[in-house]
Amino acid sequence: MLQLKSIGKSFGATVVLKDISLNVGRGEFISLLGPSGCGKTTLLRIVAGLESLSMGRVFIGGRDVTDRDASQRDIAMVFQSYALYPHKSVGENIAFPIRMHAPWQAAIPLFGSLTPAGKALKKEIEIRVPKVAHALGLGELVHRRPAQLSGGQKQRVALARALVRDPLLFLMDEPLSNLDAALRAEMRSEIMELHRKTGCTFIYVTHDQTEAMTMSQRIVLLDKGSIRQAGTPLELYDNPNNLFTASFIGSPKLNVLPYQHSPGVVRLNGCLMRSLEAHETAAHLKEKAASVGLRAEAMKLCAPAHADAIHCRVRLIEQMGNETVVFVETDAMPGSRLAVRVARSEGNVLSEGEVLALRPEWSRALFFDVGGDRVRLRNVRRQAFLEAA
Ligand code: ATP
């Protein structure tokens, strides 16, 4: 459906996008995710035809549209601000793009509605507007003005207005960032439902990894104008290619610790890790690894005498209801704060200042080299390694 070939973009001497290539399938829901300033909006605007590119080609539905402007690309776009016409009703706001694309005869004052084009326009509006309004739960609200709507309802009108013409591609740029947390969560499921109902191809820009993880089928993670990794949300979470991806995806953030190796033993910044010691895997890691990443759920409570125990003090407790995220500090790693996920079913009642022992679950550890690239353990070695852990 959408093909980007080696897209590059510079504003003067500032390079904003570097060699971006991407294929998006028909009906796919992808998120462009990344920190502020990484180039997400610029890339979306290039797809929309609202921004010129310095290099590369854009194909939509198999057609090279690089030199075509936005109105010739059959796309719809929704931005952070919903910009509804305040003096028009919800129904008229939704109908607006249909009117805009109608033949000029339909717009002749007074007589336009009597022309064949005017009659066809009226019919199209009567069919399409109630359909899309209904799909977005706005059926009862078509006669209201925007001022009489809640924030979530206004955002739904903006979505309906964008979708009313059955676009080939539906582009959204942080459409939920003006809403409060509860409404954002509600709108997330509504947008997913909308994607399911319309079968349209969705491209969604966000800097919020939770939005990208929960809504999209595939995430394209950008950093400083380059794609760092593209894949399903779980591929990025479980199998990151680099430290940037591993740290950006997931909440609480990945625990990243320096990885040290000294003769005979493997040390995790001062903590002796006996279970790694004897294995050839250790030699592989010794050569390459500079840091180890452990997700909050890969840190387990253990007996203080356990060979791998890291002795910690609880600094902060975040109660999530079904689970608790505990932030701990350890003398072995001064200055670093580790996040640990503790299930409520484990019956642990922890309090701030409490001393506890944790052990890394080595089978889930992610190792990275000095440049932040993943150090992968070869299968055989990994197996031996897992058995030891
Ligand atoms: P955010 O999440 O903050 O919106 P983003 O990832 O969408 O960020 P872009 O808006 O695409 O980032 O901007 C990427 C870079 O390009 C930024 O450094 C920005 O300052 C720069 N930039 C964007 N538009 C222009 C412009 N018209 N002229 C010069 N620089 C620009």
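Residues: numbered from 1 along the sequence shown. One-based numbering, in listed order, for ligands and for the atoms of each.
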Side-chain donor/acceptor of T214 to backbone N/O of E211, under 3.5 Å: yes
Identity and separation of the nearest protein heavy atom to atom 3 (O) of ligand 1: S36 OG, 2.5 Å
Flag: protein heavy atom within less than 4.0 Å of atom 20 (O) of ligand 1: no
N-O pairing of R337 and E329 below 4.0 Å: yes
Atom NE2 of H143 with >12 non-hydrogen neighbours under 6.0 angstrom: no
Ligand 1 versus K40: contacting region, heavy-atom distance under 4.0 Å: both
Side chain to side chain contact (heavy atoms under 4.5 Å, CB included) partner of V16, chosen from T41, T42, I46: T42
Exam field: side chain Q229 to backbone N239, donor-acceptor pair closer than 3.5 Å: yes
Atom 8 (O) of ligand 1 [closest protein heavy-atom partner, distance rounded to 0.1 Å]: G37 N, 2.8 Å
Test item: E92 side-chain N/O and S89 main-chain N/O as donor-acceptor pair under 3.5 Å: no
Shortest protein heavy-atom distance from atom 23 (C) of ligand 1, along with the residue and atom involved: F11 CE1, 3.5 Å
Salt bridge (Lys or Arg N to Asp or Glu O under 4.0 Å) evaluation trace for E126 with K123: CA-CA 5 Å; E126 279 171 1; K123 198 166 171 198; over 6 Å; no
Protein heavy atom at shortest distance from atom 7 (O) of ligand 1: T41 OG1, 2.7 Å
Sub-4.0 Å heavy-atom contact, R45 with ligand 1: no
Ligand 1-proximal atoms of V16, by part, heavy-atom distance under 4.0 Å: side chain
Close approach, G39 and ligand 1, non-hydrogen under 4.0 angstrom: yes
Heavy-atom nearest neighbour in the protein, as seen from atom 11 (O) of ligand 1, with distance rounded to 0.1 Å: T42 OG1, 2.5 Å
Close approach of P35 to ligand 1, heavy atoms, under 4.0 angstrom: yes
Numbered atoms and elements of ligand 1 in range of E174, under 4.0 angstrom, heavy atoms: 2 (O)
Enclosure of K18 NZ (heavy-atom neighbours >12, cutoff 6.0 Å): yes
